[in-house]
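Data block below; observations after.
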Amino acid sequence: MMIESGTAPDASTAGYLIRALCRDGEPTVAYHVLRDVSRKRIIPDVVSITQLISAFSKCGNFGRVSEILHLMIASGSQPDLFTYQEIINALCDGAGRTAMVDEAFRIFNDLKLKGYACDVVTYTTMIDGLCKSGRMEEALLLWSEMVANGIQPNNYTYNAIINGYCKSGNIDHARKLYDEMFSKGFKESTVSSNIMLAGLCLHGRLADAINLFAEMPNKGIHRDVITYNTLIQCLCKEGKTSDAIELYSSMLATSIRPSISTYTPLIMVLCEEGRMTDATELIKILEAQGLEPLVCTNDFIISGFCRVGNAEKGMAWLSRMLQSNLKPRAETMDRLVECLCSLGQVDCALQVVKKMFDISYILGSSVCHLLISKLCGVDSYQVCELLDEIVLVES
DNA sequence: ATAGGGTTAG
């Protein structure tokens, strides 16, 4: 706009515009501004370009990130520690993406070679990324390196390592560091408590988890939605359904609003227990709160209805799923076919099979046997093998 | 003149 109106923008105006566009969730427009002004040899400040890099990093568009980095360097501007920090952080984000953590680690090590003085935030980010991808040994090495460089771990660093120990199964080490953290003067917080709570839950230490939860207010630590969700999920997992529901009720009495992760484990366990009225009631409640069930919640519901022999409701939910373009799990479809067969509704079962083929699923072999035997009333082994071949050829 | 960063569940 500035360019079209004939007014020559200066670097600070361009920088301001880029930051504003990033803040308003328009990184692509901001990127075009950067491109336009850089052609006129106008280079916005590092902070603004970093915001832009951060925006593309957060949405995983690393191709664009690398392009902007090259543009920066070519125009004689140096990315700073914050710039790389944002990229490393985004690369470490997302649990299962090991390859990305490798890339983050490569950039991190490169930074040191280039002479950047990594600070406690850079180290903590990298330590956290390594911990989250299960690379505890490397994380601990970084911890030592950091201390050797005269940088003291802070509460973030402790939390990252404690979380890593919790997730990798070394809950006693986690506990030891937890206490060490407080002895160094860092205060127990909602986050540190939530990490420990999740660790205890993960290792089935329900009594300890409940105790920690109960002690939080006594220690003046505020409980948040994650605190509640963690314990609710744990209670559900341990089969303490009524305790989980009670905790959910007590949560409603606070100012903390439930999230979808509050409901997902509750609905799952209710479905497993065949309490379909309660389960569907919760769905209504969460939808009334403007929340959307996870895809897997629909699967739980369908399987739940099958468990109680209500194939009709199961079919209805399946249609609803397919209409919303949601893909059910193969097991869910198998389950429904099984349920329909056992009720003698072979025609309905065949309808489901047809829908499965439509979304390119392959029938599980046990369900295949069942279906054929219902259709033919004979032992189906041979026929089923034949059908398997037909499906393979078709797909 | 100033602008920016890292942690917890699913």
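Here is how names work: the chains are called A, B, and so on, in the same order as the sequence lines, proteins then strands, and each is numbered from 1.
In this structure, Y156(A) atom OH and dG6(B) atom P are separated by 8 Å, rounded to whole Å. Here dG5(B) presents its P atom at 17 Å from CD1 of I49(A), a figure rounded to the nearest Å. The CD1-P distance, from I256(A) to dA9(B), rounds to 17 Å in whole Å. For the pair N89(A) CG and dG5(B) C1', the interatomic distance rounds to 8 Å; values are reported in whole Å. In this structure, the OH atom of Y248(A) is 22 Å from the P atom of dA9(B), given to the nearest Å. When the P atom of dT8(B) is taken as reference, atom CG of L197(A) falls 15 Å away, rounded to whole Å. As a whole-Å value, the separation of D10(A) CG from dT2(B) P is 17 Å. The CG atom of L291(A) sits 19 Å away from the P atom of dA9(B) (whole-angstrom rounding).
N154(A) is linked by a side chain to side chain donor-acceptor pair (under 3.5 Å) to T157(A), counting only residues two or more places apart in sequence or in another chain.
Against DNA chain B, the stretch residues 159-178 of chain A makes heavy-atom approaches under 4.0 Å through N159(A), N163(A), K167(A).
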Exercise. Determine, step by step, whether Q85(A) and Y116(A) satisfy the side-chain hydrogen bond (donor to acceptor under 3.5 Å, both in side chains) criterion, reporting the C-alpha distance in whole Å, the side-chain angles of both residues, the deciding distance to 0.1 Å, and the verdict.
Key: CA-CA 11 Å; Q85(A) 163 67 42; Y116(A) 286 89; over 6 Å; no
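When heavy atoms are screened at a 4.0 angstrom cut-off, V225(A) is found touching no nucleic acid atom at all. D119(A) comes within 4.0 angstrom of a nucleotide base, judged by non-hydrogen atoms across all strands.
Which of dG10(B), dG6(B), dT8(B) sits closest to the side chain of I226(A) comes down to dT8(B). Side-chain proximity of S261(A) to the nucleotides dG4(B), dT8(B), dA9(B) is greatest for dA9(B). Among dG6(B), dA9(B), dG4(B), the nucleotide with an atom closest to any side-chain atom of N229(A) is dA9(B). You'll find that the side chain of T122(A) is closest to dG5(B), out of dG6(B), dT8(B), dG5(B). Which of dG10(B), dT7(B), dG4(B) sits closest to the side chain of L294(A) comes down to dG10(B). When each of dG6(B), dG5(B), dT8(B) is scored by its nearest atom to the side-chain atoms of N194(A), the top-ranked nucleotide is dT8(B).
Under the 30°/60° scheme for interplanar angles, the aromatic rings of H173(A) and Y165(A) are found to lie parallel.
In this structure, K327(A) does not pair ionically with D299(A), as no charged nitrogen and carboxylate oxygen lie closer than 4.0 Å. For K58(A) and E86(A), the salt-bridge test passes: some basic side-chain N is under 4.0 Å from an acidic carboxylate O. One finds no salt bridge joining K284(A) and E287(A) here, because no Lys/Arg side-chain nitrogen approaches an Asp/Glu carboxylate oxygen to under 4.0 Å.
For dG10(B), the base has no donor-acceptor partner in the side chain of T264(A) [N/O atoms by modelled type, under 3.5 angstrom]. Residue-to-nucleotide contacts include a donor-acceptor pair under 3.5 Å from the side chain of T124(A) to the base of dG6(B).
Side chains of C131(A) and N163(A) form no contact here, defined as non-hydrogen atoms less than 4.5 Å apart. Side-chain contact between N109(A) and L113(A): absent, with no pair of heavy atoms (C-beta onward) separated by less than 4.5 Å.
Remark: Q233(A) is in phosphate contact with dG10(B), judged by side-chain N or O atoms under 4.0 Å from OP1 or OP2.
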